[in-house]
2 protein chains.
Amino acid sequence: MLKDGDNMKKDKNDVIEVCQTIEIHEDIIKKVRENTPDENTLNKLADLFKIMGDNTRMKILYALLQVDEMCVCDLSTVLKKTPSAISHQLRILRQADLVKYRKEGKVVYYSLNDEHVKEILDVGFSHITEG
Amino acid sequence: MLKDGDNMKKDKNDVIEVCQTIEIHEDIIKKVRENTPDENTLNKLADLFKIMGDNTRMKILYALLQVDEMCVCDLSTVLKKTPSAISHQLRILRQADLVKYRKEGKVVYYSLNDEHVKEILDVGFSHITEG
DNA sequence: TTAACATTTGAATAATTGTTCATATATAGT
DNA sequence: ACTATATATGAACAATTATTCAAATGTTAA
């Protein structure tokens with residue numbers, strides 16, 4: 001028999017409450033543990049999707065998908081958002097290496113930086129429209 | 001000439017501040033406007049990525065990718081999170097139709113619901129690892 | 001009917017984040 | 001120098017959200 005609280009949460013960063021059944025599908029757990037990518041990779045993957053998971057940034061990416069490049073002003077016009085808001089979001093896309101930029105006088109032109117971006121958007125798009 | 005404030009923000013939900021150059025690349029703007037999917041579709045797309053853009057949910061999806069199905073308890077064990085936290089996230093994945101479930105007695109088994117999910121994760125994974 | 005257990009759910013909390021506003025920087029023209 | 005314009009940036013605010021906790025379901029077995 002299990003003592004009271006044996007599988008109960010004791011400390012913030014220690015054991016967590018978990019089911020008390022004897023057979024917690026050990027085979028399944030083992031298989032998952034062996035085949036799942038490491039934490040760091042999964043976090044990076046989640047971060048990538050997190051960046052695409054915003055309406056404004058999604059619109060920016062899709063706009064840049066249609067043309068070679070756009071300046072902040074163009075994006076501001078198309079998305080009907082202040083240049084400041086656009087600039088903030090572009091910074092995030094820049095930091096994630098999803099877009100690159102080119103400066104010409106006062107104007108900064110942004111464009112997609114990655115071939116994968118289009119693929120990811122396309123697959124997601126299929127999911128939305130077909131499903 | 002433009003009057004002062006002609007292109008400046010006047011009201012909260014009216015015009016927004018936008019660049020005052022004459023040539024705001026009209027051709028580019030037009031092309032983008034014509035070829036970009038409608039707002040509703042883009043929002044749904046962003047929502048999809050938003051759901052995948054969370055560490056816990058990403059781990060759940062990747063775990064389910066390795067095996068046929070897992071119960072809340074299994075996921076709780078593998079992810080080292082309380083069943084409650086897992087359940088909350090599973091609800092979100094359920095509502096997005098990304099996972100389905102099957103009840104067997106007290107135990108609820110979850111599995112991936114969509115073929116696209118794997119594709120999306122794979123493309124994202126390539127981006128992370130190759131890039 | 002009890003007791004035990006897997007899961008769900010609602011409320012509360014803490015953390016994250018998108019937008020706005022004001023301001024700063026950089027560049028071009030006068 | 002000065003002015004105008006395009007963009008960037010920092011702080012503040014509002015909104016969203018992931019997790020925890022406590023409590024509620026729903027199920028099985030005694």
Side-chain angles (χ1 to χ4, degrees), chain A residues 1-2 4-9 11-13 16-25 43 46-47 50-51 53-60 70-77 79-95 99 101-110, chain B residues 1-2 4-9 11-13 16-25 46-47 50-60 70-77 79-95 99 101-110:
Chain A
M1 290 284 285
L2 289 172
D4 239 345
D6 240 357
N7 271 328
M8 302 298 290
K9 185 169 124 176
D11 192 53
K12 281 287 175 190
N13 299 321
I16 57 155
E17 175 196 342
V18 140
C19 24
Q20 293 145 338
T21 317
I22 320 299
E23 356 105 69
I24 351 164
H25 315 96
N43 286 347
D47 284 343
K50 197 178 300 178
I51 286 174
D54 171 77
N55 292 356
T56 302
R57 290 191 293 267
M58 177 57 62
K59 286 178 196 161
I60 291 177
M70 293 177 87
C71 67
V72 178
C73 168
D74 292 336
L75 287 165
S76 177
T77 304
L79 303 198
K80 297 194 187 69
K81 287 224 152 73
T82 65
S84 177
I86 299 291
S87 183
H88 276 295
Q89 298 308 330
L90 282 171
R91 185 169 62 88
I92 294 173
L93 292 170
R94 243 189 290 133
Q95 286 172 344
V99 302
Y101 65 96
R102 163 178 90 80
K103 212 170 174 184
E104 192 178 310
K106 290 177 293 188
V107 183
V108 179
Y109 292 94
Y110 282 84
Chain B
M1 289 284 287
L2 288 173
D4 239 345
D6 242 355
N7 271 329
M8 301 299 287
K9 185 168 119 176
D11 193 55
K12 279 288 176 190
N13 301 319
I16 57 158
E17 176 196 342
V18 138
C19 23
Q20 294 147 335
T21 317
I22 321 295
E23 356 107 69
I24 351 161
H25 315 93
D47 284 343
K50 198 179 300 176
I51 287 175
M52 299 204 278
D54 171 78
N55 291 355
T56 302
R57 290 193 292 267
M58 177 57 62
K59 285 178 197 160
I60 292 177
M70 295 178 87
C71 68
V72 178
C73 168
D74 292 337
L75 287 165
S76 176
T77 304
L79 303 199
K80 296 195 188 68
K81 288 226 150 77
T82 64
S84 177
I86 300 290
S87 183
H88 276 296
Q89 299 307 329
L90 282 170
R91 187 169 62 87
I92 293 172
L93 292 171
R94 243 189 290 131
Q95 287 172 343
V99 302
Y101 65 97
R102 161 178 91 80
K103 214 170 174 186
E104 191 178 310
K106 289 178 294 191
V107 183
V108 179
Y109 293 93
Y110 282 85

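Since the model is a prediction, treat every value here as computed from it, not as a measurement. Per chain, numbering begins at 1; letters A, B, ... match sequence-line order.
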Legend entry - Contact pattern, 5' to 3', of nucleotides 12-18 of chain D - B, S or - by protein heavy atom under 4.0 Å: -----SS
Inset, instruction - Do nucleotides 24-30 of chain C as a string where each nucleotide becomes B, S or -: B if the base has a protein heavy atom under 4.0 Å, S if just the sugar-phosphate does, - if no protein is that close. - result: --SBS--
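Note on A:Tyr101: nothing from the nucleic acid sits closer than 4.0 angstrom, heavy atoms only. As judged by a 4.0 angstrom heavy-atom cut-off over every strand, B:Tyr109 is placed among residues making no nucleic acid contact.
At least one donor-acceptor pair under 3.5 Å links the side chain of B:Asp74 to the backbone N or O of B:Cys71. A:Thr77 places a side-chain N or O within donor-acceptor distance of the main-chain N or O of A:Cys73, the cut-off being under 3.5 Å. No donor-acceptor pair under 3.5 Å is formed between the side chain of B:Arg57 and the backbone N or O of B:Met52.
Under 3.5 Å, the side chain of A:His88 and the base of C:dT20 form at least one donor-acceptor pair of N or O atoms. Donor-acceptor pairing under 3.5 Å, judged by distance alone, is present between the side chain of A:Ser84 and the base of D:dT9.
Residue B:Ile86 contributes atom CD1, which lies 13 Å from atom C1' of C:dT8 at whole-angstrom precision. As rounded to whole Å, 15 Å separates atom C1' of C:dA6 from atom CE of B:Met70. Look at CG on A:Leu93: it is 16 Å from P on D:dT7, rounded to the nearest Å. In this structure, B:Gln95 places its CD atom 13 Å from C1' of C:dT8, rounding to the nearest Å. Residue B:Leu90 contributes atom CG, which lies 7 Å from atom P of C:dT8 at whole-angstrom precision.
Residue A:Ala85 has its side chain nearest to C:dT19 when only C:dT19, D:dA8, C:dT8 are considered.
The environment of OH in A:Tyr101 is sparse: at most 12 heavy-atom neighbours from other residues, nucleotides or ligands sit within 6.0 Å.
Of all heavy-atom pairs spanning B:Leu93 and B:Ile60, the tightest one is CD1-CG2, 3.8 Å. Closest non-hydrogen pair, B:Ile86 versus B:Ser76, comes out as CG1-CA, 3.9 Å.
Side-chain atoms of A:Glu104 and A:Tyr109, non-hydrogen and from C-beta on, do get closer than 4.5 Å to each other.
Looking at B:Tyr110 and B:Arg94, their side chains do bring a donor and an acceptor atom within 3.5 Å of each other.
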